[in-house]
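Only one structure is covered here, and it is reproduced in the block below.
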Amino acid sequence: MIEHTNKQFHSDLEATRSLFLQMGGVVESMVEQAMEALFSGDLSLVDLVREREKEVNSLEVDIDERITYIIARNQPTAIDLRLLLSISKMLTDLERCGDEAERIAKMARRLYEADTGYEPVVELRHMSNSVVSMIHQSLDAFARQDMVLAADVVRKDKDVDKEWKGSLRHIITYMIEDPRTISRSIDLIFIARALERMGDHAKNMAERVIYMVRGDDVRHTGMKNTVRTALGEDVDFDD
């Protein structure tokens with residue numbers, strides 16, 4: 001009976017883990033498709049992103065319910081409990097990435113339908129590539145329990161922050177030079193901000209991977225200390 005219970009417990013854990021990764025794959029595709037709609041003007045992608053947002057919401061509810069059931073029934077400890085708690089926290093970050101992708105898709109439609117001669121800002125393409133890479137690496141780090149890869153995501157968030165500030169300066173300059181672009185420039189600022197937020201969510205997920213594997217909460221300890229913790233080095237909190 002105990003053996004059967006243990007097998008069921010580990011089967012439930014693996015199913016929950018797999019569903020989370022499935023949700024991550026959907027969110028990653030949403031971000032790519034929303035940005036492609038922005039750059040190419042293929043507005044059919046906007047509808048696809050909005051449909052996938054419903055799938056993400058459904059997966060979030062399903063996974064949440066599974067986590068509650070597993071904890072209530074099995075009272076897991078140590079690494080198994082950290083896995084479930086980490087997924088629970090990461091779910092929120094993933095779902096919010098999906099929300100931001102849907103927001104970008106809606107703005108892409110508005111920009112093209114306004115027929116104002118919209119031209120994509122080059123920096124946004126590079127920024128979106130960086131963010132998609134961070135989300136992918138966070139999910140990969142989770143799947144492989146790879147703290148070094150997770151620490152790399154935390155490092156990359158600093159680069160995305162710099163790209164956000166660079167894009168903001170570019171768009172504001174564009175707006176000042178031609179006041180007729182103010183309306184679409186504001187939309188572009190919101191898109192850049194959405195990408196920056198997704199970078200933050202990817203970083204949060206990476207920090208959760210380190211907690212899941214090592215048991216150390218590295219939130220708010222600074223990038224350098226997060227990297228030291230992931231590498232198993234002595235940590236001081238002077239960053």
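Keep in mind it's a predicted model, so treat the numbers as computed, not measured.
Salt-bridge check for Lys106 with Asp187: failed, with every basic side-chain N at 4.0 Å or more from each acidic carboxylate O. A salt bridge is absent between Glu53 and Arg50: the closest approach of a Lys/Arg side-chain nitrogen to an acidic carboxylate oxygen does not fall below 4.0 angstrom. A salt bridge links Arg66 with Asp62: the distance from a Lys NZ or Arg NE/NH1/NH2 to an Asp or Glu carboxylate oxygen falls below 4.0 Å. Taking 4.0 Å as the cut-off between side-chain N and carboxylate O, Lys165 and Asp161 do not count as a salt-bridged pair.
With hydrogens and angles disregarded, no donor-acceptor distance shorter than 3.5 Å links the side chain of Ser58 to the backbone of Lys54. A side-chain donor-acceptor contact under 3.5 Å links Arg82 to the backbone of Val213. Checked by atom type and distance alone, the side chain of Ser29 pairs as donor or acceptor with a backbone atom of Gly25 at under 3.5 Å. With Ser11 contributing its side chain and Lys7 its backbone, the two residues share no donor-acceptor pair below 3.5 Å. Using modelled atom types, one side-chain atom of Ser138 and one backbone atom of Ala202 make a donor-acceptor pair closer than 3.5 Å. With Asn74 contributing its side chain and Ile70 its backbone, the two residues share a donor-acceptor pair below 3.5 Å.
Within 6.0 Å of CZ on Arg193 lie more than 12 heavy atoms contributed by other residues, nucleotides or ligands. More than 12 heavy atoms of other residues, nucleotides or ligands shown are found within 6.0 angstrom of CD on Glu14.
At a threshold of 4.5 Å between non-hydrogen side-chain atoms, the residues Gln8 and Asp12 count as touching. Residues Gln22 and Glu55 form a side-chain contact, since some pair of their non-hydrogen atoms from C-beta on lies under 4.5 Å apart. The shortest distance between side-chain heavy atoms of Met212 and Phe142 falls below 4.5 Å. Looking at heavy atoms from C-beta onward, Leu59 lies out of side-chain contact with Leu94 at the 4.5 angstrom threshold. Between Leu195 and Met198 the shortest side-chain heavy-atom distance falls below 4.5 Å. Side chains of Val209 and Ser86 form no contact here, defined as non-hydrogen atoms less than 4.5 Å apart. Between Asp42 and Glu36, every side-chain heavy-atom pair lies at or beyond the 4.5 Å cut-off. Between Ile104 and Met30, the closest side-chain pair of non-hydrogen atoms is not below 4.5 Å.
Taken together through direct or relayed side-chain contacts under 4.5 Å among Ile, Leu, Val, Met, Phe, Trp and Tyr, Leu48 and Leu38 form parts of separate hydrophobic clusters. There is no path of hydrophobic side-chain contacts, each under 4.5 Å, that joins Val61 to Val56. Leu149 and Leu139 fall into different hydrophobic clusters, defined by Ile, Leu, Val, Met, Phe, Trp and Tyr side-chain heavy atoms under 4.5 Å apart, directly or through other members. Val131 and Leu45 are assigned to two separate hydrophobic clusters, defined by single-linkage of ILVMFWY side chains at heavy-atom distances under 4.5 Å. Cluster annotation: Leu168 is connected to Met175 through the hydrophobic network of ILVMFWY side chains, with a link wherever side-chain heavy atoms come within less than 4.5 Å.
The two residues Ala37 and Ala108 come nearest to each other via the heavy atoms C-CB, 4.1 Å. The two atoms that bring Asp146 and Val148 nearest to each other are OD1-N, 3.1 Å, heavy atoms only. Pro76 and Asp80 get closest at one heavy-atom pair: CB-CB, 4.0 Å. Of all non-hydrogen atoms in Val160 and Ser130, the two that sit nearest each other are CG2-CB, 3.9 Å.
With a 6.0 Å cutoff to the six-membered ring centre and a 45° limit on the axis angle, Arg17 does not count as a cation-pi contact of Phe20.
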Q: Given salt bridge (Lys or Arg N to Asp or Glu O under 4.0 Å), test Arg96 with Asp99 step by step and report yes or no.
A: CA-CA 5 Å; Arg96 287 178 181 168; Asp99 287 344; over 6 Å; no

